[in-house]
Structure formats: structure tokens, C-alpha cells
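Right, one structure below, let's go through it.
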Number of protein chains: 2
Amino acid sequence: MPTPAAAIATRAYAPLPPSGKWKDDADTHRPVSILSALGAVVGYDRNAEIYGEDASAEHVFVVLSGAVRICKLMGDGRRQIEAFCLPGDVFGWEASGRHRFSAESVCDTKVVRIKRSILFARASDDAELAHALWSLTVAELHRAQNHLLVLGRKNAQERVATFLVDIAARSGTGTDEVLLPMSRQDIADYLGLTIETVSRTLTHLEERGAIALPSSRRVVLRDRHALRQLNS
Amino acid sequence: MPTPAAAIATRAYAPLPPSGKWKDDADTHRPVSILSALGAVVGYDRNAEIYGEDASAEHVFVVLSGAVRICKLMGDGRRQIEAFCLPGDVFGWEASGRHRFSAESVCDTKVVRIKRSILFARASDDAELAHALWSLTVAELHRAQNHLLVLGRKNAQERVATFLVDIAARSGTGTDEVLLPMSRQDIADYLGLTIETVSRTLTHLEERGAIALPSSRRVVLRDRHALRQLNS
DNA sequence: CGATTCATTGACTAGAATCAAATACCGTGG
DNA sequence: CCACGGTATTTGATTCTAGTCAATGAATCG
């Protein structure tokens, strides 16, 4: 069993290629735009901590550009990434006054940071805002529930295929090419696998002709039908 | 921030004294109690379908007694139980107009069934209710997030230990004995394991002295410290 | 260019799944 | 009350997927 320090050290955060691709600013539709008006824009370098586990929960955040991982560490260094937040996603909801996960930028990232006190004060007067808060939270819940099915009942190939299709849909470049902002370690910790298994599975999907890998961070979805079947 | 999540944690134990319990004045500040006043009590036999996947979402439910499983089936029959709902828990939230999971009674169960249309109409006038809806949803989200860590990164022993400690805490009989309303298959589908692995793991925990199994549905937590370590 | 980190590949292992069988449990009807 | 049939659970033997350990190859940055 690796020591915590060693385990964490072996997944050191590596510098990422500066990638202009992740800066397409937030779309101005849906409840998110209501929120964006209530806070200030803050920027983070890659791998910066936005908040830590158990930190007092003062703010709620909306991603404008870049990507954020929401994660939890176990005592021995095992890590679970609960979600990747892409532009338009909201994170930082808490029922108690403390964050139960940490949030870190995956790459250079801009967010809108909104004071919870302001948000809730407004929500008590503004039924539309209150409903927006609720439906954003339900959307989060649905994402978590889908992820439960992936982690509980899908094999490695299905997990990776599901991940690729999901990221492609959410990053919403109409094309078949996806740019992954996150490392293999991040993907592994999101899918409940190891980096080796993620890597092997991607290679296998490429051999099957389901995807192409022009570079390690670029994935072309060649056979969406095959991928969707693995997604079932 | 008020902390409705704390109120949920103090919920009453299964086979609950019939619904009167939820109308006590002392309870009226709890989100669940606010809801319970808005619907009618409905009873279900064991293994009855409360709603199916893709069913139109007309109602939200509060468990009064018994237990409910929220689950999803894959095409080939694999099943993931997303949550067990015990007395005091709320289920049936949807952002869209359709349920994305099915809900089934695990044993004889009573619920309060509340029309969504009524609920939302009230919520738009009543900030307290709106906030209660939101915080109940956040509590659900947190439960799902904890479960992600279990499914993504814990081994069989840790999963079962976590499950037992969680159920014990939520059933909230101050004692160390837990009555499991659900079958081994249900537990397996909740924990992302097989029935054989669940059974073997329980046997193993008993051999270790962490638990006792007077009968298959009764578990005595003998060494909470050991269990909590597996929970870490 | 090196130095460093990241990703891929290979060989082997471990833990849970699968396949199969025995045992315990429960409600029913004699 | 007991025998019976069906179901749930436990236990055993074996297989297989993903994990671990180790090395190599690729990419990036100073």
C-alpha cells in the first residue's frame, strides 16, 4: 500500500500545453446566465485549488472557460473525481456551510464567483432565481446519478466510451474531434480505473476503429454507433 | 444558512409509527414536514413499482415507513440501485417531466405522494418551501456524491462496511443492531458487486469480529472502529 | 538538446465475477 | 406441528478483468 505522500506525489500535476481551445466563453442561455450576472470573474492557472475539502463554503461558481475537477481524496491517496465542470456548469453547492469536495482547475480557467449570501438573499425574493437554483442542482444530481451507473456496472471499455461521448457532447464543437483538457490520471480517477487501463482501453478502441488518437489529448470519434452501443 | 441536511439526518427509524409522526409541531420547520402536509399517504406491497423508468413525473414522494430502491436497468439486465430511501427521505425529483430511474418498494412501504404541480405552484409564492426543495435536492446530491466514491474507489470490504455503517446511522435506532429491509441482490446492485461477493464479505467481516449475523437480515455492528476504518 | 513528466506497452498478480452446488429460510397446506 | 416446494443465502472451484509492477517511448520546457 503506497503512503499518502507517495501516492499523491506520483500523480504530480503536470503543466499542460497552453490550449486556446478551452476559452470559448459561456453561452448566454439557460439559468446559468441569470447567475453570471451576480458575481465577479476570477481566473485560475492550471491545477490551482479553487477551494479545498472542508473549506467554508462562501461562494458558488459558474465555469466560463476551461475546466474544473471536483474531487475527493481518501486517506491513502486514492482519489475520486466526482465531476468535470465545463463552460456553463455550476459547482460549489452545499447544504451545510462547508465544501465536501475540493475543486481544482484542470487547465487555465475562468469562473464567475458568486457570494452565496447574495444569491440566497435574492432567491428568497425572486421565484425565478429560486427555481433556477433548484433546476441547476437537479441537473447536477442527474449527472451524478448517471455516473453511478458507470462506476457501479460498466466495464472499462464502456466507461471510456461513455466518457468520450459525454465530453464530446458537452464540449459541443459540432465536430467529431474532442480535445481533452485533462490528463490520463484525471480520466482514470473519474472513471474508477487506473491510468494503464485507460491507456490500454483507448488503444483498444483505436484498434477497433471506434476512435482515432492523433495525439494523446485529441480524440476523433470515428464510429459513434459503436461507442454508443458501449454506452447503452 | 439554515442546515436542513442536519434535520434529515435525525429522521425517524423504519417501521415508523403511522404518518401522524410527521405532523408534530416540533417538526414543522423541517423541509420534509413541510412537504408531508401537501400530499396523501399511499401504501405499497413488497416489490411494487412506484413509478417506472421514463414514466411521466407527476409526483414527488416522501417515505413514511418501509424502504424504497431507486434503480436503473441496462439493456442486458445489469441493474444499478442509485439509492435506498428510508423514512424521511424524499425521492422523485426530476428536472424534465420524466423519471430517469424507477422506484420500487423494498418491503411494505408507506409514502406521501405530492403532486408536483401543487408543489411548484406553492414554491413560487413561498420562499421557505422553495428553499426546502432546494436543500432536499442538495442532500440527495451529496448522497449520490458519497456513493460515487464508494463505487469508484473502494474494494468489496470497504463497500460493505460503508453500507452497514450508513444504514445503521440512517435507521437511527441507537443500538448496534441493524435490520436490513433489502435482499443481498439489492445490496449487491447498490454496491456494484455480486450477491456472492456481498455474502462472502459479510462472512469475512463476521470472522474478523467486526460484525455478527444472527440471521441474514440482522446485522450487529460489533466493532464500529474497524468498520469505520474500512469506511475512511 | 537534456531533464522531466506523461503516456504507452508488457508481464504478471490479485480480487471480484462466474459457474455450480449445498444449505438455510419461509410460507403454505396437509 | 410438520412436510413440502420455492426462494434466498452461503460456500466452493475456477476464470477473467483490471490492477500492479516495471520498462520503454513520446512530449514538453527550460
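Keep in mind it's a predicted model, so treat the numbers as computed, not measured. Each chain gets a letter, A, B and so on, in the order its sequence line appears, and its residues count up from 1. Atom set for the values below is all heavy atoms of this structure, side chains included, hydrogens, waters and symmetry mates excluded.
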Could you state the atom-to-atom distance from [atom1] of [X] to [atom2] of [N] in whole Å?
X	N	atom1	atom2	answer
A/R218	D/dT28	CZ	P	10 Å
B/E206	D/dT11	CD	C1'	14 Å
A/E158	D/dT17	CD	C1'	12 Å
B/L151	D/dA18	CG	C1'	16 Å

Are B/R224 and B/D176 ion-paired here, with the side-chain N under 4.0 Å from a carboxylate O?
-> yes
Can the ring centroids of B/Y190 and B/H147 be said to lie less than 6.0 angstrom from one another?
-> yes
Sugar-phosphate means primed atoms, P, OP1 and OP2; the rest is base. With that split, encode nucleotides 7-20 of chain C 5' to 3' as B, S or - using protein heavy atoms under 4.0 Å.
-> SBBBB----SSBB-
Strictly by modelled atom types, are [X] and [Y] linked by a side-chain donor-acceptor pair under 3.5 Å?
X	Y	value
A/R69	A/N47	yes
B/H204	B/E207	no
A/S56	A/E58	yes

Look only at the side chain of B/D45 and the backbone of B/A48, and say whether a donor-acceptor pair between them is shorter than 3.5 Å.
-> no
